[in-house]
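Structure, as structure tokens:
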Amino acid sequence: MNIENNEVKSLNFIEEIIEHDNETGKHNKRVLTRFPPEPNGFLHIGHAKSICLNFGLGKKYSGATNLRFDDTNPTTEKVDYVNSIQNDVRWLGFEWDGEVKYASDYFENLYTCAQTLIKKGLAYVDFSSPDDIAKQKGTPTQAGTGNAYRETSAEENLSLFEKMRKGEFKDGECVLRAKIDMASPNMLLRDPVIYRIKRAHHHRTGDNWCIYPMYDFAHPISDALEGITHSICTLEFEPHRPFYEWLLAELGLYNSQQIEFARLNLTYTVMSKRKMLKLVEKQLVNSWDDPRMPTISGMRRRGYTAKAIRDFAVAVGISKRESMLDVSLLEHFIREDLNKISKRVMAVIDPIKVVISNYETGKTELLPAENNPEDSNAGHRELSFSNTIFIEREDFNENPPKGYFKLTPNGYVRLKHAYIIKCEELIKDENGNLVEIRASYVENSKSGSDTSGLKVKGVIHWVDANNYHPVQINWYDRLLTIENAADIPEDEEFTDYINPNSLKTITAWGEKSLADAKAGEHFQFMRKGYFCVDTESAAAAPIFNLTVELKDSWAKELKKQS
RNA sequence: AGCCUGAUGAUGUAAUGGUAACAUAACAGUCUUUGAAGCUGUGUUUGUAGGUUCAAAUCCUGCUCGGGCUACCA
């Protein structure tokens, strides 16, 4: 062990379980986890946490991780989702063990397991209506009551179940139920449905089946068949665990263990597939990969890197306590990564023209600019400079508040990578609006060879008005106006809380080099924020998605003053 | 109401009976040709009441509060 790095990272509770199992030899020191998405939507940042957990555990304990699609409900599942999910897992930097697995691979095994249960007198075919089944279940405080179908013989049930498979009954006419305990304090043990009839085309098995297993039945068996040692899922499956264990024990299958942890919640967004689907269907966002979405594909398009997401997942930790993570933590990790890797460029978003009267008209100078002060290998580029430039409107203030140190009347400011200029004169229109600033430049103040001796505190970005590239910007803001979507009253819709300013499209004035920006490339627009070239933008006309703004302590100061 | 489950600063996570740590956020300062980044510093006595112990965030008991469970979804 490295002496300087003797920091012992404490184990999370799942790692403790695994290490304990390794000590007792429960699974012969083998670790095999799985990530089991249902292909009925796109993966989101919460899934990313689960992916990092499962694949991370596989890696850490020299084991492996399966990718298994939980495709037991053909009515909601699509092959498009299967593809996007695989793509997202790989993009995050993980590789599953062997072939992709599907619960549907095990439909035949699952059928046999159901027969075994029937033979043991532990499952029966029930022709009651869904309503009746619900009623017979009782309530949490009232025991349920069984019905006559509970008493059907095993032989009869076996034949009935076969008829279900053969399609001799209509959809919904009957179901196969596990026979456990109608009086159990755990509602999920009151004879749960394990097979239903559903004539729907399955994306993999086509029309081979008209009966499909329920999650509660398919999942434990799939885990056991694959020899999954630790089956990690979210808290809401906790009450399902007794059934998981009951099933594997009755079937005599591998002792996979279900472990639950708290799902991730993030402020100012929604994380349920149902709600995300609604956003897409109601066109409140443009697509599943809209950069405002908390989907992995949306975040990728927004400019998030896999590393930032992985770092975030680690920092968030694993526990059984329900939590609400502040997006600022996510933003911290993307800033941290982008700060190191992104090329600095200049772009003026809200321009005001500055004419430098003592700089020769028609002259153009090329000034060297480092691409990334954090990366000495990033090299330099050349910026063109002339007597007319654009600066940010907010970088000039005629009546500066206390502490303001950008351009003011008769004040000085440094143009990044260029000269110091002095504001000489203001040109206004008939309504008194500022339309142009006349300035002078300090000749011997060029960046890198400044002999002026002037101490100028303010440094601003700018763009040559005679040589620029117009760029389109998608300026994103948080999706919701409310921090916690769970706080929305029940009689209101979360869609009423969508931030009307979550997307603003802006045309900005960028430096010439931006014409060559490639899709997916990351930039820091100096003093503004990090941007990523949208994958849908045309080659010659890059569209820049705002990933995250740079921190702005001056803006904070201004807020305090007002 | 019955069952399950959780409670540590603003937000997360750690401390596994030995005197509360780390990250983010906030605030203050420093540095700075990005008011960015960096660097330094500041705040928690662990939901509550009691008990065990030389010693409790950790163990025990009661209470309070939060979340989940009554889909032919996963």
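Every chain is numbered from 1, with letters handed out A, B, ... down the list of sequences.
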Report the nucleotide, chosen from [options], that has the shortest atom-to-atom distance to any side-chain atom of [X].
{"X": "Asn12(A)", "options": "A71(B), A36(B), A14(B)", "result": "A14(B)"}
{"X": "Lys320(A)", "options": "G2(B), G6(B), U24(B)", "result": "G6(B)"}
{"X": "Lys560(A)", "options": "A28(B), A15(B), A71(B)", "result": "A28(B)"}
{"X": "Asn339(A)", "options": "A74(B), A37(B), A26(B)", "result": "A37(B)"}
{"X": "Pro239(A)", "options": "U34(B), G68(B), U24(B)", "result": "G68(B)"}
{"X": "Phe237(A)", "options": "A23(B), C72(B), A74(B)", "result": "A74(B)"}
{"X": "Glu374(A)", "options": "A36(B), C27(B), A74(B)", "result": "A36(B)"}
{"X": "Asp552(A)", "options": "G35(B), C73(B), G2(B)", "result": "G35(B)"}
{"X": "Thr72(A)", "options": "G35(B), A74(B), A25(B)", "result": "A74(B)"}
{"X": "Leu550(A)", "options": "C72(B), A37(B), U34(B)", "result": "U34(B)"}

Just N and O in the side chain of [X]: are any of them under 4.0 Å from OP1 or OP2 of [N]?
{"X": "Ser553(A)", "N": "A36(B)", "value": "yes"}
{"X": "Ser319(A)", "N": "U13(B)", "value": "yes"}
{"X": "Arg196(A)", "N": "A74(B)", "value": "yes"}
{"X": "Arg335(A)", "N": "A36(B)", "value": "no"}
{"X": "Lys556(A)", "N": "C27(B)", "value": "yes"}

With a 4.0 Å cut-off on heavy atoms, is [X] in touch with a base, just the backbone sugar-phosphate, or nothing at all?
{"X": "Ser128(A)", "result": "base"}
{"X": "Glu260(A)", "result": "nothing"}
{"X": "Phe405(A)", "result": "base"}
{"X": "Tyr404(A)", "result": "base"}
{"X": "Leu415(A)", "result": "nothing"}
{"X": "Gly458(A)", "result": "nothing"}
{"X": "Lys198(A)", "result": "sugar-phosphate"}
{"X": "Pro37(A)", "result": "nothing"}
{"X": "Lys446(A)", "result": "base"}
{"X": "Met324(A)", "result": "sugar-phosphate"}
{"X": "Ser328(A)", "result": "sugar-phosphate"}
{"X": "Gly403(A)", "result": "base"}

According to a 3.5 Å limit on both distances, what stems of 3 or more consecutive Watson-Crick or G-U pairs are formed with RNA chain B?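 Stems found: B:2-7 with B:64-69, B:10-13 with B:21-24, B:26-30 with B:38-42, B:47-51 with B:59-63.
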
Nearest-Å distance, [atom1] ([X]) to [atom2] ([N])?
{"X": "Glu557(A)", "N": "A28(B)", "atom1": "CD", "atom2": "C1'", "value": "12 Å"}
{"X": "Met182(A)", "N": "G2(B)", "atom1": "CE", "atom2": "C1'", "value": "16 Å"}
{"X": "Leu43(A)", "N": "A74(B)", "atom1": "CG", "atom2": "P", "value": "17 Å"}
{"X": "Asp375(A)", "N": "A36(B)", "atom1": "CG", "atom2": "P", "value": "21 Å"}

Regarding Arg177(A) and the six-membered ring of Tyr124(A), is the cationic atom NZ or CZ under 6.0 Å from the ring centre and inside 45° of its axis?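 Checked: cation-pi criterion not met.
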
Is Trp554(A) stacked against the base of G35(B), taking the criterion as centroid distance under 5.5 angstrom and interplanar angle under 30°?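 Yes, aromatic ring over the base.
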
Any luck finding a side-chain donor-acceptor pair between Glu331(A) and Tyr304(A) under 3.5 Å?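 No.
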
Applying ring-ring contact (aromatic ring centres under 6.0 Å, His included) to Phe217(A) and Tyr195(A), what does each step give before you reach the verdict? CA-CA 8 Å; Phe217(A) 183 73; Tyr195(A) 260 96; 5.6 Å; yes

What pairs of donor and acceptor atoms, side-chain ones from residues 333-340 of chain A against any protein atom, are under 3.5 angstrom apart with sequence neighbours left out?
from: Arg335(A); atom 1: NE; to: Glu549(A); atom 2: O; distance (Å): 2.9
from: Arg335(A); atom 1: NH2; to: Glu549(A); atom 2: O; distance (Å): 3.0
from: Asp337(A); atom 1: OD2; to: Thr305(A); atom 2: OG1; distance (Å): 2.5
from: Asn339(A); atom 1: OD1; to: Arg344(A); atom 2: NH2; distance (Å): 2.7

Decide yes or no on side-chain contact (heavy atoms from CB on, under 4.5 Å) for Gln258(A) and Phe237(A), but give the supporting numbers first. CA-CA 9 Å; Gln258(A) 175 179 309; Phe237(A) 290 101; 3.8 Å; yes

Donor-acceptor pair under 3.5 Å, His461(A) side chain vs A36(B) base: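 When only heavy-atom distances are counted, His461(A) does not reach the base of A36(B) through any donor-acceptor pair under 3.5 Å.
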
